[in-house]
Number of protein chains: 2
Amino acid sequence: MGAQPTISDVADAAGVSRQTVSNVLNAPDVVRPETRERVQHAITHLGYRPHASARRLRTQKSSTIGIRLDPITTDGISGSILDRFLHALTEQADRKNLRMLLFTATGPEDEIAQFQRLSEGADVDAFVLTSTFHGDPRTEWLIEHGQSFVTFGRPWGIDDMADPEHLWVDVDGCHGLREATTHLLTTGARRVGFIGWPTGSGTGDDRRRGWLEAMREGSGLGDAGLRTLEVAAEDGVNDGADAMRRLEKAAGTVDAVVCVSDSLALGALMAAGGRIPVVGYDNTPVAASIGFSSVEQPLDEVAAGVLELLTGAHGGRVRPGTEVTDPRHRLVAPRLVVREGPSVIAAAR
Amino acid sequence: MGAQPTISDVADAAGVSRQTVSNVLNAPDVVRPETRERVQHAITHLGYRPHASARRLRTQKSSTIGIRLDPITTDGISGSILDRFLHALTEQADRKNLRMLLFTATGPEDEIAQFQRLSEGADVDAFVLTSTFHGDPRTEWLIEHGQSFVTFGRPWGIDDMADPEHLWVDVDGCHGLREATTHLLTTGARRVGFIGWPTGSGTGDDRRRGWLEAMREGSGLGDAGLRTLEVAAEDGVNDGADAMRRLEKAAGTVDAVVCVSDSLALGALMAAGGRIPVVGYDNTPVAASIGFSSVEQPLDEVAAGVLELLTGAHGGRVRPGTEVTDPRHRLVAPRLVVREGPSVIAAAR
DNA sequence: CTGTTAGCGCCTTCAA
DNA sequence: TTGAAGGCGCTAACAG
């Protein structure tokens with residue numbers, strides 16, 4: 001450790017003024033190459049590094065993004081996707097010289113209090129939210145207080161794509177399930193069942209739509225037939241198993257199943273004893289280790305999109321009166337990870 | 001938003017000097033009550049909040065703790081425990097007015113580079129590491145450069161408890177497996193098998209010891225018999241299933257099994273078709289949703305310990321010449337979460 | 001292209 | 001108990 005060298009030390013060592021050093025760092029093209037090199041040499045020689053707080057004080061920006069760590073989901077295996085998103089975000093933020101600051105909250109009001117605390121204390125100058133809905137008090141507060149933010153997930157309002165105030169990035173779940181279903185159909189399956197969440201969740205309804213469209217186009221089944229191939233469940237392995245049994249009872253033969261989550265898929269797989277292919281969603285470690293196919297969200301792309309929106313033209317904030325020229329929303333396509341099937345379960349029988 | 005009020009604004013509003021405001025904030029007992037109240041009123045009225053960067057610049061401390069987000073573990077379900085630890089840490093740090101800053105690294109050297117960057121830039125003034133070993137280059141670098149840090153996990157050196165330079169908090173895995181094994185023995189099981197990792201990992205060997213000791217004391221089996229009840233595997237569901245089959249082949253009857261991880265436990269459970277009780281480790285969401293017992297790490301306690309060590313007497317750093325009076329290490333006991341058994345798997349048969 | 005000057009908002013001396 | 005200076009390390013304006 002020892003005392004860190006300051007910009008003055010570097011200036012002295014290089015025989016220039018402090019300002020020139022600052023220029024070398026922040027506007028290199030404005031300094032004559034030979035001077036620049038001399039300064040650079042002094043910097044590396046002394047091991048100088050700009051003092052983050054001093055810079056932030058001076059520039060009035062923290063270059064730090066706040067993100068809330070969700071409360072633990074006891075059930076459901078899908079908690080890990082947030083983890084992976086966070087990882088992607090941190091990694092890419094780092095490349096843009098942005099830092100990620102964590103916080104927790106016990107509920108929406110508490111979260112708003114945290115927004116206030118972190119923004120007013122200049123700890124953070126933007127937020128990333130992970131799941132929001134239309135009329136969410138949190139986004140309303142952020143918009144109202146002119147805070148920069150981008151959400152991972154659509155607000156699921158009437159007209160998301162046109163909403164100029166709420167920047168978001170989301171994964172096209174409809175497309176994902178359509179692809180999964182189509183894949184199963186090309187494999188020879190015809191009666192592909194669907195295990196989803198109860199109607200009402202934007203995400204779940206969107207994914208269901210993907211299955212429905214693919215089936216209408218490719219299965220040759222009518223709507224009445226399709227209705228028996230569909231069943232709703234809460235998220236959880238036991239719920240998935242239960243749903244599978246209900247599905248088999250209602251539909252008679254089922255050639256394959258697509259699910260809105262890996263937890264449900266695991267349950268379905270177990271209940272079916274591994275006899276038919278099951279496709280999950282999120283491509284969690286369980287899917288990988290048990291060996292069933294799953295729709296993977298491209299979290300790197302999502303993270304990149306979030307950062308671009310945040311650092312882009314509007315800097316995550318909408319300037320009133322600005323024309324909506326550049327995209328404020330981004331919908332990325334997931335991809336299907338195809339796996340052979342569950343060797344473990346088969347072996348267990 | 002708008003411009004945040006500064007300390008001067010508050011001073012003007014309250015009719016005092018800036019200094020008095022500062023005192024009200026940092027040394028309230030030195031200001032006359034009535035003045036204090038007037039200032040407090042002005043603070044809340046104006047919505048004043050001290051500027052974090054300004055304070056950090058002045059005090060030369062960031063009050064921020066850096067933690068590396070581990071690369072994603074594709075296999076193994078246990079990734080979520082780090083998640084929960086991070087959550088506990090963030091929550092408790094917040095109460096102490098400390099912030100958690102994330103970073104990622106591609107490997108040990110890169111991580112050291114990050115240490116350097118973050119510490120020299122005064123972004124962070126302490127680190128939390130999540131898994132270290134004896135002679136780990138990262139801890140060596142941190143010690144050498146006088147950086148504050150605490151690890152979650154023993155260094156697994158010869159004499160951990162006496163090492164005065166490396167502060168750590170860990171979970172007593174030996175105790176955890178002993179408890180799990182004893183529980184199974186009291187339930188009536190006698191031949192309790194053990195599925196562990198290959199010898200050599202400190203954590204794994206420690207947990208194995210717990211099983212071994214409990215069996216020696218309570219099973220009435222001799223060492224020769226015990227040897228057939230033990231099998232090693234990498235971490236993963238398929239590995240667990242495979243291990244279970246090997247175990248049954250080698251040992252003949254097995255009444256129950258304890259495993260060093262939930263992934264292994266899940267595999268074992270499936271291979272055994274849910275016929276015998278299996279106990280896992282980490283109490284991950286899978287254990288909860290499938291419904292098997294598991295040893296839970298008390299991550300809240302770990303987080304609390306880490307922060308206490310960090311903010312305690314030595315502030316995470318060892319002052320040379322200081323007597324070793326207060327504890328520099330902390331070993332917390334996990335607890336067994338008992339569950340009925342896997343209804344899903346039983347039903348699937 | 002380089003140097004000088006003037007703070008960013010806060011806290012730590014010291015004096016009153 | 002309160003007030004008046006000074007400076008933490010940096011960068012944005014200018015002036016040379």
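Values below: every heavy atom of this structure, side chains too, minus hydrogens, waters and symmetry copies. The sequence lines fix the lettering, A, B, ..., with proteins before strands; numbering per chain opens at 1.
Residues B/L142 and B/F127 come closest through the heavy atom pair CD2-CD1, 3.9 Å. The shortest non-hydrogen separation linking B/R49 to A/G121 is CD-N, 4.0 Å.
Between B/D123 atom CG and D/dG9 atom P the separation is 15 Å, expressed in whole Å.
Remark: B/S22 pairs with B/I7, B/Q19, B/N26 by the side-chain contact (heavy atoms from CB on, under 4.5 Å) rule, at least two apart or across chains. B/S8 pairs by the side-chain contact (heavy atoms from CB on, under 4.5 Å) definition with B/T6, B/R18, not counting sequence neighbours. By the side-chain contact (heavy atoms from CB on, under 4.5 Å) test, A/P298 is found to be paired with A/V171, A/E301, A/V332, A/P334, residues two or more places apart in sequence or in another chain being considered.
Side-chain N/O atoms of A/H329 and A/W168 include a donor and acceptor closer than 3.5 Å.
Taking 4.0 Å as the cut-off between side-chain N and carboxylate O, A/R56 and A/D125 do not count as a salt-bridged pair. Ion pairing of B/E91 with B/R95 is present here, as a side-chain N (NZ or NE/NH1/NH2) and a carboxylate O approach within less than 4.0 Å.
With contacts defined as side-chain heavy-atom distances shorter than 4.5 Å, the pair B/V128/B/F85 qualifies.
Stem analysis of DNA chain C (at least three stacked-register Watson-Crick or G-U pairs, each with both distances under 3.5 Å) gives C:3-16 with D:1-14.
B/T20 has no side-chain polar atom (N or O) that falls below the 4.0 Å cut-off from OP1 or OP2 of D/dT1.
The side-chain hydrogen bond (donor to acceptor under 3.5 Å, both in side chains) test with A/R138 is passed by exactly one of A/E111, A/Q114, A/E109: A/E111.
Only at 4.0 angstrom or more do the heavy atoms of residues 36-44 of chain B sit from any atom of DNA chain C, so none qualifies.
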Inset, instruction - Report, as a single string ordered 5' to 3', how protein heavy atoms within less than 4.0 Å touch nucleotides 6-16 of chain C: B base, S sugar-phosphate only, - not at all. - result: BBBBBBB----
